[in-house]
Amino acid sequence: MGKLVVLTLLGASLALIGERLLAFRERINATRELEPVELQNCYLIEGLENGSEDIDILPSGLAFISNGLKYPSMPDLAPDASGKIYLMDLNEQNPRAQALKISDGFDEKFFNPHGISTFIDKDHTVYLYVVNHPHMKSTVEIFKFEEQQRSLIHLKTIKHELLKSVNDIVVLGPEQFYATRDHYFTNFFLALLEMILDLHWTHVIFYSPKEVKVVAKGFSSANGITASLDHKYIYVADVTDKNIHILEKNDNWDLTQLKVIQLGTLVDNLTVDPDTGDILAGCHPNAMKLLNYNPEDPPGSEVLRIQNVLSDQPRVSTIYANNGSVLQGTSVASVYHGKILIGTVFHKALYCVL
């Protein structure tokens, strides 16, 4: 009888794991092939060959780009290179990327930048907030941007017990920001199990010097985050649920969910078109190719535009789609007055005039 019980439990467990693995393959679009949508007037950006995971463009047209992310299960084309922040001036006729110098005292050897967000103070000082993963931990680094010197002055490192497995960040005030936690577990194998079981244990955190709290939860894997142009709404990408959550910001910084926009593709970082308020989403059309990297059959890239975000019928269109022959593993797209930058987790970056 005891052996029968053991065999029954083992069989049930294997059946559950098998069902979850099949469901996981479906969630990450393991069999999807991409229909190409190409852009004209484009070129690959020299110097950005090992990632441009996140991009934030100032109203002046200066674009900050995070480079060199090392992340569990993701390909790494430059394992010995430390992370950098690049700058591009999109007002130039042929913009080029320039690595920003970082002030003495900051340990660049273990700089591993992920999501980024800028904040402009009342005196027009520009601050860059960077999600950093030194030694695979999570911190938020605050830098002051010196435009004339093309440099960053490191001001502060933020650590907190709730700021674990941080993916992205959106800053709305001095040391006031929302951040996404993309995994509940920080151990790689437990995080993988979490994804397979689809536990929906990740969340959005609000941070300020006076208060740190969870303000939205129940995500499969909370990823990219940004705000509407008027800062009344927060947009959160749930990468493995293939959707974007539209949340209203309350006076106490809590978030109230208004709606969810299903997209059918794995949504990474989000940006907002400064001219229209549309959401632009960098997406992974088939994440199996990202997790099981094969340069002969590379992961593709996809960029979506979501118009009329707050309406009952948002309009979703494809701006760019490539099978990996040009760009692999797109994570972000950002526009500035008819120009677009498309970045990737570990690969190249593309600049186009629309």
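Not measured: the values here are computed from a predicted model. Atom set for the values below is all heavy atoms of this structure, side chains included, hydrogens, waters and symmetry mates excluded. Sequential numbering from 1 along the given sequence is applied to the chain's residues.
- A single hydrophobic cluster is not seen to contain both I142 and F145; linkage of ILVMFWY side chains at heavy-atom distances under 4.5 Å, directly or through other members, places them apart.
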Any chance you could lay out the side-chain contact (heavy atoms from CB on, under 4.5 Å) test for H231 and L172, step after step, and finish with the verdict?
-> CA-CA 8 Å; H231 291 180; L172 299 182; 3.7 Å; yes
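- For an aromatic pair to be called close, the ring centres must be under 6.0 Å apart, and H245 with F219 satisfies this.
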Less than 3.5 Å apart, which donor and acceptor atoms pair up between the side chains of residues 340-347 and the rest of the protein, not counting sequence neighbours?
from	atom 1	to	atom 2	distance (Å)
T344	OG1	H347	N	2.9
T344	OG1	H347	O	3.1
T344	OG1	K348	N	3.3
T344	OG1	K348	O	2.8
H347	ND1	Q328	N	3.1

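- Remark: side-chain polar atoms of S228 are paired, donor with acceptor, to backbone N or O of Y233 under 3.5 angstrom.
- Checked options I244, V236, V239; the residue passing with V267 is I244 (criterion: side-chain contact (heavy atoms from CB on, under 4.5 Å)).
- The backbone N or O of D123 lies less than 3.5 Å from no partner atom in the side chain of D121, so there is not a single donor-acceptor pair.
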Audit row: E49, L77, side-chain contact (heavy atoms from CB on, under 4.5 Å) steps and yes/no = CA-CA 8 Å; E49 280 83 28; L77 302 184; over 6 Å; no
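- Transitive grouping of hydrophobic side chains (ILVMFWY, heavy atoms separated by less than 4.5 Å) brings V166 and I205 into a common cluster.
- Aromatic ring centroids of F106 and F143 lie under 6.0 Å apart.
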Scan the side chains in residues 84-100 for donor-acceptor partners under 3.5 Å anywhere in the protein, sequence neighbours excluded, and list what turns up.
from	atom 1	to	atom 2	distance (Å)
D89	OD1	N91	N	3.0
D89	OD1	N91	ND2	3.0
N91	OD1	Y336	OH	3.4
N91	ND2	S60	O	2.7
R96	NH1	Y43	OH	3.1

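- Exactly one residue among H133, H114, R181 makes a side chain to side chain donor-acceptor pair (under 3.5 Å) with S138. That residue is H133.
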Name each donor-acceptor pair under 3.5 Å that joins a side chain in residues 313-321 to protein atoms two or more places apart or in another chain, with its distance.
from	atom 1	to	atom 2	distance (Å)
R315	NH1	Q307	OE1	2.5

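- The two residues L34 and N323 have their closest heavy-atom pair at CD2-N, 4.4 Å.
- I57 and I55 make their closest contact through CG1-CG2, 4.0 Å (heavy atoms, listed as atom of the first residue, atom of the second, distance).
- The shortest distance between side-chain heavy atoms of D198 and F24 does not fall below 4.5 Å.
- The backbone N or O of V309 lies less than 3.5 Å from a partner atom in the side chain of K259, making a donor-acceptor pair.
- We find that D297 and K289 are joined by a salt bridge, their nearest charged nitrogen and carboxylate oxygen being less than 4.0 Å apart.
- The same ILVMFWY cluster, assembled from side-chain heavy atoms under 4.5 Å apart, contains both W253 and L247.
- With N67 contributing its side chain and G83 its backbone, the two residues share no donor-acceptor pair below 3.5 Å.
- Salt bridge present: R32 and E302 bring a charged side-chain N and a carboxylate O closer than 4.0 Å.
- One finds the OG atom of S220 at 10.5 Å from the NZ atom of K242 (value rounded to the nearest 0.5 Å).
- The shortest non-hydrogen separation linking T240 to S221 is OG1-CB, 3.6 Å.
- The cluster map of Ile, Leu, Val, Met, Phe, Trp and Tyr, joined by side-chain heavy atoms under 4.5 Å apart, puts M195 and Y293 in the same cluster.
- Looking at heavy atoms from C-beta onward, S103 lies out of side-chain contact with L152 at the 4.5 angstrom threshold.
- Among all heavy-atom pairs drawn from G324 and P298, the shortest one is O-CG, 3.8 Å.
- Between the H200 side chain and the T202 main chain, no donor and acceptor come within less than 3.5 Å of each other.
- The pair D273-R305 counts as a salt bridge, with a side-chain nitrogen and a carboxylate oxygen less than 4.0 angstrom apart.
- A donor-acceptor pair is defined here as one N or O able to donate and one able to accept, closer than 3.5 Å; such a pair exists between the side chain of E194 and the backbone of F185.
- Under the 4.5 Å side-chain heavy-atom criterion for grouping Ile, Leu, Val, Met, Phe, Trp and Tyr, I169 is not connected to M136 through any hydrophobic cluster.
- In this structure, D168 contributes its side chain and I225 its backbone to a donor-acceptor pair below 3.5 Å.
- Under the 3.5 Å distance criterion, the side-chain polar atoms of H183 are left unmatched by any main-chain donor or acceptor of K164.
- Taking the centre of each ring, H135 and F110 come in below the 6.0 Å mark.
- Looking at K213 and D254, a side-chain N of the basic residue comes within less than 4.0 Å of a carboxylate O on the acidic one, giving a salt bridge.
- Ion pairing of K70 with E53 is absent here, as no side-chain N (NZ or NE/NH1/NH2) approaches a carboxylate O to less than 4.0 Å.
- Panel note: side chain T118, backbone L128; no donor-acceptor pair is recorded below 3.5 Å.
- At least one side-chain heavy atom of L280 sits under 4.5 Å from a side-chain heavy atom of V335.
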Given T31 and R25, is the side-chain contact (heavy atoms from CB on, under 4.5 Å) satisfied, shown in steps?
-> CA-CA 8 Å; T31 60; R25 284 179 55 84; 3.9 Å; yes
Do Y127 and T125 pass the side-chain contact (heavy atoms from CB on, under 4.5 Å) test, and can you show the C-alpha distance, the side-chain angles, and the key distance before you say yes or no?
-> CA-CA 7 Å; Y127 297 92; T125 301; 3.5 Å; yes
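- Under the 3.5 Å distance criterion, the side-chain polar atoms of H284 are left unmatched by any main-chain donor or acceptor of N286.
- The minimum heavy-atom distance linking A281 with I306 is given by the pair CB-CD1, 4.3 Å.
- Heavy atoms from other residues, nucleotides or ligands lying under 6.0 Å from CD of E38 number more than 12.
- If you check the side chains of E108 and S82, you find no donor sitting under 3.5 Å from an acceptor.
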